[in-house]
Amino acid sequence: MKEYEYSFKVKDIKPYIDYCEKNNYKLISENRQIRELYRNQNKILARITTKINDSGIEKLLDFKDDNNTDDILKISRETIPLTIKDDNIDAINSILEILGYKKDKILNRTRVVYQKEDVKFELDSYISPDIMFVVGIEGKNEKVDNIYKEVVENIHNKI
């Protein structure tokens, strides 16, 4: 599956949350995430994500093209996430090791997700590796392009 996403750092995510709410985007989720990133020579990133919310804790494994550029628009292949059970984490680590993956870094953030039709906003507040805010807008190419332009004109360039 391919992901088409604009991703950019901002000074504050509050104006983007306000934008989503004023434009009838539905709040899909809000959770804390600890994401362990693993890299290998094949330019495919392995990610173990621990999601923590009021419902409990969920661990997921997925793989994504390792696009480490500063480009705002990224088009990447990514897999459907696989749920990790506590009793198979050793097997997962063994698989990553034999495939040549090495732990690269750990991201610690709160992610708020809003969606309307084919457009999803992922609004991230990081506490590590650095304190920062990141807005991701993903979905169908043309719709995402139009929403990105609107957001840049009405929010991003005015902050």
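Please read all numbers here as calculations on a predicted model, not as lab measurements.
Annotation: ring pair (Phe, Tyr, Trp, His ring centres under 6.0 Å) contacts of Phe121 (sequence neighbours excluded): Tyr19, Tyr25. With sequence neighbours excluded, no residue satisfies side chain to side chain donor-acceptor pair (under 3.5 Å) with Lys105. By the side chain to side chain donor-acceptor pair (under 3.5 Å) test, Glu97 pairs with no residue at all, sequence neighbours left out. The ring pair (Phe, Tyr, Trp, His ring centres under 6.0 Å) check on Tyr38 picks up nothing, with sequence neighbours excluded. Asn146 pairs by the side chain to side chain contact (heavy atoms under 4.5 Å, CB included) definition with Glu142, not counting sequence neighbours.
Here the NZ-CG distance, from Lys59 to Asp86, works out to 7.0 Å after rounding to the nearest 0.5 Å. Interatomic distance, CD1 of Ile84 versus OG1 of Thr50, reported as 7.5 Å (0.5 Å rounding). One distance of note links CG of Leu123 with CD of Glu30; it measures 10.0 Å at 0.5 Å rounding. We find the CD-CG distance between Glu58 and Asn31 to be 8.5 Å, quoted to the nearest 0.5 Å. Summarising the geometry, atom CD belonging to Gln33 is positioned 10.0 Å from atom CG belonging to Asn108; distances are rounded to the nearest 0.5 Å. With values rounded to the nearest 0.5 angstrom, Lys74 atom NZ is found 4.5 Å from Thr69 atom OG1.
The nearest pair of heavy atoms linking Val112 to Leu27 is CG1-CD1, 3.6 Å. Between Leu96 and Ala46, the shortest heavy-atom distance links the atoms CD2-CB, 3.7 Å.
Inter-residue side-chain proximity for Lys120 and Gln115 is flagged as met; some heavy-atom pair is nearer than 4.5 Å. Counting only heavy atoms from C-beta outward, the side chains of Ile34 and Ile52 approach each other to under 4.5 Å. The shortest side-chain heavy-atom distance between Leu61 and Ile95 does not fall under the 4.5 Å cut-off. Under the 4.5 Å side-chain criterion, counting only non-hydrogen atoms from C-beta, Thr83 is in contact with Leu60.
Side-chain atoms of Ser76 do not come within 3.5 Å of backbone N or O of Lys64 as any donor-acceptor pair. Of the possible polar contacts, none joining the Asn42 side chain to the Ile44 backbone as a donor-acceptor pair under 3.5 Å is found. No donor-acceptor pair closer than 3.5 Å links the side chain of Asp65 to the backbone N or O of Asn67.
Linking ILVMFWY residues whenever their side-chain heavy atoms come closer than 4.5 Å, directly or via other members, leaves Ile106 and Ile89 in distinct clusters. When hydrophobic clusters are built by joining Ile, Leu, Val, Met, Phe, Trp and Tyr residues whose side-chain heavy atoms come closer than 4.5 Å, directly or via intermediates, Ile92 is grouped together with Ile98.
Salt bridge status for Asp18 with Lys14: present, with a side-chain N to carboxylate O gap under 4.0 Å.
Aromatic pair Tyr148/Phe8: ring centres closer than 6.0 Å.
Environment of CG in Asp71: crowded, with over 12 heavy atoms of neighbouring residues, nucleotides or ligands closer than 6.0 Å.
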Side-chain polar contacts of residues 124-141 - donor-acceptor pairs under 3.5 angstrom, sequence neighbours left out - could you list them?
{"from": "Asp124", "atom 1": "OD1", "to": "Arg111", "atom 2": "NE", "distance (Å)": "2.8"}
{"from": "Asp124", "atom 1": "OD2", "to": "Arg111", "atom 2": "NH2", "distance (Å)": "2.9"}
{"from": "Tyr126", "atom 1": "OH", "to": "Arg109", "atom 2": "NH1", "distance (Å)": "2.7"}

